[in-house]
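Per chain, numbering begins at 1; letters A, B, ... match sequence-line order.
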Protein chains: 2
Amino acid sequence: MNDSVDASPLPDLTFARTPAPDLSAAASDLRMATFRLARRLRAQRAVDTMSDGQFAVLAALTVHGAHTLGQLADRERVTAPSMNRTVTLLENAGYLTRTPDEVDRRKVTIDLTDDGRAVVDETVRRRDAWLEEALSSLAPDEREALARAAEIMRKMAER
Amino acid sequence: MNDSVDASPLPDLTFARTPAPDLSAAASDLRMATFRLARRLRAQRAVDTMSDGQFAVLAALTVHGAHTLGQLADRERVTAPSMNRTVTLLENAGYLTRTPDEVDRRKVTIDLTDDGRAVVDETVRRRDAWLEEALSSLAPDEREALARAAEIMRKMAER
DNA sequence: TATTGTTATACTCTATAACTATA
DNA sequence: TATAGTTATAGAGTATAACAATA
């Protein structure tokens, strides 16, 4: 276990707020709810010996296709040596492959193996299975409220 | 900088889902929205050289008061030696104090210093300030939808 | 003996600096 | 010279095992 799945990296802080009572209470509530649900979701994973950072690489390859090392490092906002290490671990585990670029021989193309794809699929399946179960036990109008909120939250996150 | 503030530990995966189209699409949307907003919020912090794990300790002390080492380790789901190391770093940085327990002299009481409290306050202030700003630019009915959703999300996270 | 905290040691993930190969 | 990737090295965070002090 390399990863405290249900720990609290960012605890949900309930504080008395001072300015603009309506908005600030809403902000605190939304912050707490977001962190708690994210933590709960993060606890669902397919290979629980895999770190978030490793899984993020597999997921990026799934969503955006093959990358060079530098592209992966940029996307995940880590340095090239850090990404290199992560990629090496994933390569050794059989989840991805490194292939020299035929055109520019300084580059390597990194892509998922079938096993790597399976890990991503299974993790996503577990997370959404848990969420679907939770959603199915809600009232229809509650589900609708969440659907609406999800759209707004994504818009906010893009600010 | 010890911490990739805006990296993507758990990328937002958009997949074609197979079963129960309504619920599964809703689940994917909510998962994505939750992770994105959480990531965006996490990027707001007072001391950007402080890890999430260190901040979590300060926040726990703020919310729940003084702890023994064992209590902190249990709360954050790490081992006692790990927590001991984190506490030592925070103690050296001047954010908390260790005091031997007068009654049971095996124990130590760990509590915030004024500096530690200031870090927590400032981080929470920044996060909520960002959120308040974002909320204030929404339509009133959107804010209402988020408020309702926050309540439901908290309920779901407790499952 | 059991509990609480600490130290010893090791492995992962991160970084910066230096190096190799290629453009 | 500049770029892409890698290797060398070090610090932070995690763990398990062993130890010291106290109950």
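For B:L96 and C:dG5, the CG to P distance is 14 Å, given to the nearest whole Å. Atom pair B:E91:CD and C:dG5:P shows a separation of 14 Å (rounding to whole Å applied). Following rounding to the nearest Å, A:D52 (CG) and D:dG13 (C1') show an atom-to-atom distance of 14 Å. Between A:L72 atom CG and D:dA4 atom C1' the separation is 13 Å, expressed in whole Å. Atom CG of A:N84 is separated from atom P of D:dT7 by 7 Å (rounded to the nearest Å). In this entry the distance linking NZ of A:K107 with C1' of D:dG5 reads 12 Å, nearest Å. If you take CG of B:L90 and P of D:dA12, they are 12 Å apart, rounded to a whole angstrom. Across the protein-nucleic acid pair, A:E102 atom CD and C:dA23 atom C1' stand 16 Å apart, rounded to whole Å.
In summary, B:D29 and A:R148 do not engage in a salt bridge, as defined by a charged side-chain N under 4.0 Å from a carboxylate O. The pair A:E142-B:K155 counts as a salt bridge, with a side-chain nitrogen and a carboxylate oxygen less than 4.0 angstrom apart.
Contacts of B:D104 with the nucleic acid, taken as non-hydrogen atoms under 4.0 Å apart, involve only primed sugar atoms and P, OP1 or OP2. Within the 4.0 angstrom heavy-atom criterion, only backbone atoms of the sugar-phosphate kind lie near B:T68; the bases stay farther away. At the heavy-atom level, A:V87 lies nowhere under 4.0 Å from the strands shown.
The nucleotide whose nearest atom lies closest to any side-chain atom of A:Q54 is, among C:dC13, C:dA23, C:dT6, C:dC13. Residue A:R106 has its side chain nearest to C:dA21 when only C:dT4, D:dT14, C:dA21 are considered. Closest to the side chain of A:R85, from the set C:dG5, D:dA17, C:dT12, is C:dT12.
Using a 4.0 Å cut-off, some side-chain N or O of A:T86 falls inside it from OP1 or OP2 of C:dT14. For the pair B:S51 and D:dG13, the criterion of a side-chain N or O lying under 4.0 Å from OP1 or OP2 is met. Distances shorter than 4.0 Å separate some side-chain N or O of A:T79 from OP1 or OP2 on C:dA15.
Between A:M83 and A:R105, the residue anchored closer to the 5' end of DNA chain C is A:M83, taking for each the nucleotide with the nearest heavy atom. Annotation: of the two residues near DNA chain C, B:R98 and A:P81, the 5′-most nearest-nucleotide partner is B:R98.
Screening A:D111, A:T109, A:N84 for a side-chain hydrogen bond (donor to acceptor under 3.5 Å, both in side chains) involving A:R98 leaves a single residue, A:N84. Just one residue in the list B:L90, B:T88, B:L96 forms a side-chain contact (heavy atoms from CB on, under 4.5 Å) with B:N92, and that residue is B:T88.
Side-chain contact annotation: B:S24 with A:D128, donor-acceptor N/O pair under 3.5 Å absent.
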